[in-house]
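What follows is a set of notes on a single structure, which appears directly below.
Just so it is clear, the model here is predicted, and its values are computed rather than measured.
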Amino acid sequence: MDLPQNGAVQAEYIWIDGSNGLRSKTKTLNKKPASIDDLPEWNFDGSSTAQAPGEDSDVYLRPVAIFPDPFRRGDNILVLSECWNADGTPNKFNYRHECAKLMEAHKDKAPWFGLEQEYTLFDEFGAPYGWPKGGFPGPQGPYYCGVGTGKVYCRDIVEAHYRACLYAGVTISGINAEVLPSQWEFQVGPCEGIDMGDHLWIARYLLHRVAEDFGVKISFHPKPIPGDWNGSGLHTNFSTQEMREEGGMKAIYDAIAKLEKRHKEHIAVYGDDNALRLTGRHETGNIEAFSFGVADRGSSIRIPRSCAKEGYGYFEDRRPASNACPYQITAIMVETCCGAI
């Protein structure tokens, strides 16, 4: 990996497939691109990624964002791409396209997001990493933000991912061990508009890629372990300029009223198997009922106590599952809170 590249640049094109997963492949460029406009469109076999039929399988990659590559380093880059069909229409799994249009339509509201991505690490045999073979660890309690052997697992992977995100320019704001043993969380944001989805997807790619080097699997399933264990969410913190200014609590409560009216529509795009997680237990609200409260982690929407005290700030939507698409989450959040209902 220390060999010179003779002026060539390796560009890792990354896209989201038809199963809400990530794919990538590498293209050699003759020189470092000065901007996204310098990157060529590319294509792939969509029949192998659940994005197109075999008889018309070409799907096109249109670059939308560039990030420094923390693995190859140097001038090498990661290229986040949208998927487009041969007829010039966005692929049906290209949720970024509609999200970008909504963000542009409501950019005067200056929507800010911060997403808290929970995930669980599994070993090569499909067991939660570090759990006793054929058994279970002690009950939840000492693992959240824990320190020490037997309380935290895979910190080396987590730290490597954190550093990779920082190198790549991802707006990662922190990490912590979570309530379920071998479960962690990283936070991305605050990001404005379409940047939120872009940065979270690249952070997910980097996590999978780092874990690959360690022989560890990453699970974004919202209920990775059945039973009396916490699930995994993608808690979504949101605000507009009006909410962040003095007296913004009125705008926050107005947005919450709009969210209540579209509860089912939001749940529909908040991730697969979310009913296994949103049971009303383990720090969740019930999937069938909308609720909100100050500092209440058992509600659909949580208003931080500091915001309620100061009278402005943001709120947290605790409903999205860990496997939800950030483009779908942020798009419907802006559509609901910034639009007229």
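Side-chain N/O atoms of Q140 and N230 include a donor and acceptor closer than 3.5 Å. Looking only at atom types and distance, the side chain of S239 has a donor-acceptor partner in the side chain of R244 under 3.5 Å away. Side chains of Q51 and D17: a donor-acceptor N/O pair is absent below 3.5 angstrom, by distance only. A donor atom on one side chain and an acceptor atom on the other are not found under 3.5 Å apart for N323 and D272. Side chains of Y270 and D317: a donor-acceptor N/O pair is present below 3.5 angstrom, by distance only. Checked by atom type, the side-chain pair S81/R62 shows no donor-acceptor distance below 3.5 Å. Q241 and D108 share no donor-acceptor pair across their side chains, judged by distance under 3.5 Å alone. Between the side chains of Q183 and S232, at least one donor-acceptor pair of N or O atoms lies under 3.5 Å. Side-chain polar atoms of N43 and E41 form no donor-acceptor pair below 3.5 angstrom. A donor-acceptor contact closer than 3.5 angstrom links the side chains of E12 and T26. Defined by atom type and a distance below 3.5 Å, a donor-acceptor pair is missing between the side-chain atoms of R209 and H161. Side chains of Y327 and D198: a donor-acceptor N/O pair is present below 3.5 angstrom, by distance only. Between E116 and N237, the side chains place a donor N or O and an acceptor N or O closer than 3.5 Å (distance only, hydrogens not considered).
Checked by atom type and distance alone, the side chain of D213 never pairs as donor or acceptor with a backbone atom of V210 at under 3.5 Å. Side chain of N85 to main chain of G88: no donor-acceptor pair is present (N/O by atom type, distance under 3.5 Å, no hydrogens or angles). A donor-acceptor distance shorter than 3.5 angstrom exists from the side chain of T284 to the backbone of R281, with no hydrogens or angles considered. A distance-only check finds no donor-acceptor pair linking the side chain of T240 to the backbone of K109 [under 3.5 Å]. Under the 3.5 Å distance criterion, the side-chain polar atoms of Q5 are matched with a main-chain donor or acceptor of A8. In this structure, the side chain of E82 does not engage the main chain of V64 through any donor-acceptor pair within 3.5 Å. The main-chain N or O of S300 is found under 3.5 Å from a side-chain atom of S291 such that the two form a donor-acceptor pair. Between the side chain of K223 and the main chain of G227, a donor-acceptor pair closer than 3.5 Å is present. No donor-acceptor distance shorter than 3.5 angstrom exists from the side chain of Y205 to the backbone of L200, with no hydrogens or angles considered.
Counting only heavy atoms from C-beta outward, the side chains of N286 and T279 never approach each other to under 4.5 Å. Looking at S322 and Y119, their side chains never come closer than 4.5 Å, going by heavy atoms from C-beta outward. With a 4.5 Å cut-off on side-chain heavy atoms, M196 and M103 do not count as touching. Residues L39 and I77 are in side-chain contact: their nearest non-hydrogen atoms beyond the backbone lie under 4.5 Å apart. Residues T236 and R318 have side chains not in contact (no heavy-atom distance under 4.5 Å, counting atoms from C-beta outward). Between F93 and I16, the closest side-chain pair of non-hydrogen atoms is not below 4.5 Å. Taking the side chain as every heavy atom from C-beta outward, C83 and P90 never approach each other to under 4.5 Å. Side-chain atoms of F113 and I329, non-hydrogen and from C-beta on, never get closer than 4.5 Å to each other.
At a threshold of 4.0 Å, the pair D273-R277 does not count as salt-bridged, since none of the basic side-chain nitrogens sits closer than that to a carboxylate oxygen.
Checked against the 6.0 Å centroid criterion, the rings of W184 and Y153 do not qualify as a close aromatic pair. Side-chain rings of Y162 and F186 stay apart, their centers remaining 6.0 Å or farther from each other.
Atom NE2 of H266 is separated from atom NZ of K258 by 11.0 Å, given to the nearest 0.5 angstrom. In this structure, CG in L29 is found 12.0 Å from NZ in K32, a value given to the nearest 0.5 Å. Here the CD-OG1 distance, from E185 to T120, works out to 11.5 Å after rounding to the nearest 0.5 Å. Taken to the nearest 0.5 Å, the CD atom of E118 stands 9.5 Å off from the CD atom of Q187. A distance of 6.0 Å separates CG in L78 from CG in L206, rounded to the nearest 0.5 Å. The CG atom of L115 sits 12.0 Å away from atom NE2 of H199, with the distance rounded to the nearest 0.5 Å.
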Practice task
Show the numbers, then the answer: is there a side chain to side chain contact (heavy atoms under 4.5 Å, CB included) between V9 and T28?
Solution key: CA-CA 6 Å; V9 171; T28 302; over 6 Å; no

Handout entry: Candidate pair F44 and Y60, rule side chain to side chain contact (heavy atoms under 4.5 Å, CB included), full reasoning
Key = CA-CA 7 Å; F44 65 92; Y60 293 84; over 6 Å; no

Exercise for the section: Could you give me the CA-CA distance, side-chain angles and deciding distance for K133 and D123, then say whether salt bridge (Lys or Arg N to Asp or Glu O under 4.0 Å) is met? Expected result: CA-CA 11 Å; K133 300 299 181 185; D123 65 22; 3.1 Å; yes

Practice task
Take W84 and H97, measure what ring pair (Phe, Tyr, Trp, His ring centres under 6.0 Å) needs, and give me the verdict at the end.
Solution key: CA-CA 10 Å; W84 288 72; H97 179 65; 5.0 Å; yes

Exercise for the section: Would you check, one step at a time, whether the test side chain to side chain contact (heavy atoms under 4.5 Å, CB included) holds for H221 with L276? Expected result: CA-CA 10 Å; H221 195 282; L276 300 175; 4.0 Å; yes

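Between C337 and A255 the shortest heavy-atom distance is SG-CB, 3.8 Å. Between P111 and F238, the closest heavy-atom pair is CB-CE1, 3.8 Å. The minimum heavy-atom distance between G293 and S299, with the atom names listed, is N-OG, 3.8 Å. The two residues A100 and I194 come nearest to each other via the heavy atoms N-CD1, 3.7 Å. Closest approach of F290 and R319 over heavy atoms only: CD1-NH1, 3.7 Å. A pairwise comparison of heavy atoms in A168 and P68 identifies O-CD, 3.1 Å as the closest pair.
A cation-pi contact links K25 to W42, judged by a cut-off of 6.0 Å to the six-membered ring centre and 45° from its axis. For R204 and F220, the positive end sits near the middle of the six-membered ring, less than 6.0 Å away and at most 45° from its axis.
No continuous path of hydrophobic side-chain contacts links Y95 to Y13 [ILVMFWY only; heavy atoms under 4.5 Å]. Hydrophobic clustering (ILVMFWY, side-chain heavy atoms < 4.5 Å, transitive): L234 and Y144 are in distinct clusters.
The environment of CH2 in W112 is sparse: at most 12 heavy-atom neighbours from other residues, nucleotides or ligands sit within 6.0 Å. With a 6.0 Å radius and a threshold of 12 heavy atoms from other residues, nucleotides or ligands, Y143 has its OH atom above the threshold. A 6.0 Å sphere centred on NZ of K107 holds no more than 12 heavy atoms belonging to other residues, nucleotides or ligands. The environment of N30 atom CG is sparse: at most 12 non-hydrogen atoms of other residues, nucleotides or ligands sit within 6.0 angstrom.
Ring geometry, W229 versus F136: the interplanar angle falls under 30°, so the pair is classed parallel (tilted spans 30 to 60°).
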Enumerate donor-acceptor pairs with a distance under 3.5 Å from any side-chain N or O in residues 301-310 to protein atoms, sequence neighbours excluded.
unit_1: R302; atom_1: NE; unit_2: E316; atom_2: OE1; d: 2.5
unit_1: R302; atom_1: NH2; unit_2: E316; atom_2: OE1; d: 3.3

